[in-house]
Amino acid sequence: MLKIKNLIKVFYPGTVNETKAINGIDLHIEKGDVVSLIGSNGSGKSTLFNLISGTFPVTSGQIILDGSDVTNMSEYKRAMLIGRVFQDPTKGTSPTMSIEDNLIVSSKKGMRGLNFSLYKKGAREQFNSMLDKIGLGGRLKDNVGLLSGGQRQALTLLMTMQSNPKLLLLDEHTAALDPQAADRIMQMTEDIIKTHSLTCMMITHNMQFAIGFGNRLIMMNGGKVILDVKGEEKKSLTVPKLISFFKSRGGEEFSDDAALLTD
Ligand SMILES: Nc1ncnc2c1ncn2[C@@H]1O[C@H](COP(=O)(O)OP(=O)(O)OP(=O)(O)O)[C@@H](O)[C@H]1O
Ligand SMILES: [Mg+2]
C-alpha cells in the first residue's frame, strides 16, 4: 500500500542549520494497517507525513503509494489519495463558511469533471445524516466558527472522507482537545477506519492511545524507525515497557511520559 525506500530529508543542507530530519527510513505499510506513530519531539514524525503528502520534496529515497511512485507528484495531486487531519482544529475547516459549504468544498476535491450543482441536491440529505452521527444534525447552515474544537475535528474527519482517500494521516489530531472530546474523536476515528477499511497512520504523544489504537505501532527517534511491532507483540505492550525500550535506545524524554507513568 505504502512503500518508503531509504527516505532521507535534510533541511537547510550545507548550512549551519543543517538538520537531518529523516535519516534513512524503509517502511512498508500494508493495506488495512492501522498504525500508531510515536516518538519524542523533533524525532521526524510530522516530517515523515509531510514527505508522504508531498508538502516538502524528499532529499533522496522513494515513496510508492498503491503501486505508483508518488515521490515527485505535487502535493495537490497527492491530496486526492491522502486524507490528513492536523492537531489544530482550525486548520481543516474554514470558519467563515457554513458547515454545508465546507462539506461541499471537500466533496469537490474528489470529483473532477462532474457537474457539481446536480450532485449538490442529493448531497444535502447525505450531509445531514453524517452530521447527525456527530451531534451536529440540522446545523448545515451554521458557520463553522461557532463550533467547538472537538466538533471541528469531527467535521474535518468527515470532510477528509469525502474524497475517498486511500491513506489517512492523523497528526496528533486529538492533542488540542479536552479528554472527553479526545475520546469521542478517537472513537469516531476508529469507526471511520472500520467503515471505510482505511489504511491509517496516527501520530500521538499519548502512549495509552498509541497502544490501544490499530494493529501496529512504530516508534521513531532521530529520524529513524527504532521499533515496529504488530499483532500479538503490539497487544502485549504497556506504557512502562514502551518508555523503557525508548530509553534503552538512547531516547531522551517523551514529552508527557512522566504524567502517563503515574496513571
Ligand atoms: N519546515 C522545516 N524547516 C526546517 N526544519 C524543520 C522543518 N520541519 C521540521 N524541521 C526539523 O526537523 C526535525 C523533525 O521535526 P518534526 O516536526 O518532523 O518532528 P516531530 O517528531 O513531528 O516532533 P513533535 O512531536 O514536536 O511534533 C526537527 O529538528 C525540526 O526542527
Ligand atoms: Mg510533529
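Counting convention: from 1, in listed order, for ligands and their atoms alike. Because the structure is a prediction, the values reported are computed rather than measured.
The closest approach between F49 and ligand 1 stays at or above 4.0 Å for every heavy atom of the residue. Contact annotation: H205 has at least one heavy atom less than 4.0 Å from an atom of ligand 1. For the pair S40 and ligand 1, a heavy-atom separation below 4.0 Å is found. Contact annotation: G42 has at least one heavy atom less than 4.0 Å from an atom of ligand 1. Residue contacts with ligand 1: E172 is included, with a non-hydrogen atom under 4.0 Å away.
At the shortest separation from atom 12 (O) of ligand 1 among protein heavy atoms lies A21 CB, 3.3 Å. For atom 2 (C) of ligand 1, the closest non-hydrogen atom of the protein is F11 CE2, 3.5 Å. With hydrogens left out, the protein atom closest to atom 16 (P) of ligand 1 is T47 OG1, 3.5 Å, a heavy atom. Looking only at protein heavy atoms, the nearest one to atom 1 (N) of ligand 1 is F56 CZ, 3.4 Å. For atom 17 (O) of ligand 1, the nearest non-hydrogen atom of the protein is S46 CB, 3.9 Å. Protein heavy atom at the shortest distance from atom 21 (O) of ligand 1 is K45 NZ, 2.8 Å.
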Working for side-chain contact (heavy atoms from CB on, under 4.5 Å), residues V35 and M202: CA-CA 6 Å; V35 182; M202 178 183 80; over 6 Å; no
Under the criterion side-chain contact (heavy atoms from CB on, under 4.5 Å), I'd like the reasoning laid out for T189 against F213: C-alpha separation, chi angles, the key distance, then a yes or no. CA-CA 10 Å; T189 305; F213 182 80; 4.2 Å; yes
Chi angles and distances behind the side-chain contact (heavy atoms from CB on, under 4.5 Å) call for I29, I218: CA-CA 11 Å; I29 306 294; I218 292 174; 4.1 Å; yes
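Between L147 and I99, some side-chain heavy-atom pair lies under the 4.5 Å cut-off.
The Mg ion (ligand 2) has S46 among its coordinating residues (N/O/S atom, backbone or side chain, under 2.8 Å).
Side-chain contact check for Q62 and T71: no donor-acceptor pair (N or O, by modelled atom type) lies under 3.5 Å. Side-chain N/O atoms of T90 and D88 include a donor and acceptor closer than 3.5 Å.
Distance check on atom 29 (O) of ligand 1: some protein heavy atom falls below the 4.0 Å cut-off. Atom 7 (C) of ligand 1 is approached by the protein to below 4.0 angstrom, counting heavy atoms only.
A salt bridge links E232 with K235: the distance from a Lys NZ or Arg NE/NH1/NH2 to an Asp or Glu carboxylate oxygen falls below 4.0 Å.
No more than 12 heavy-atom neighbours from other residues, nucleotides or ligands sit within 6.0 angstrom of NZ on K166.
Within ligand 1, counting atoms from 1 as listed, the ones closer than 4.0 Å to a heavy atom of Y12 are 3 (N), 4 (C). Close approach of ligand 1 to N41 (heavy-atom distance below 4.0 Å) involves ligand atoms 23 (O), 24 (P), 25 (O), 26 (O). Below 4.0 Å from some heavy atom of G44 lie the following atoms of ligand 1, by number and element: 14 (C), 18 (O), 19 (O), 20 (P), 21 (O).
In this structure, N6 contributes its side chain and G61 its backbone to no donor-acceptor pair below 3.5 Å. Without hydrogens or angle criteria, K3 side chain to I63 main chain gives no donor-acceptor distance under 3.5 Å.
For the side chain to side chain contact (heavy atoms under 4.5 Å, CB included) with V34, the lone residue among L198, N215, T199, L168 that qualifies is N215.
Looking at T19 against ligand 1, only its side chain comes within 4.0 Å, counting heavy atoms.
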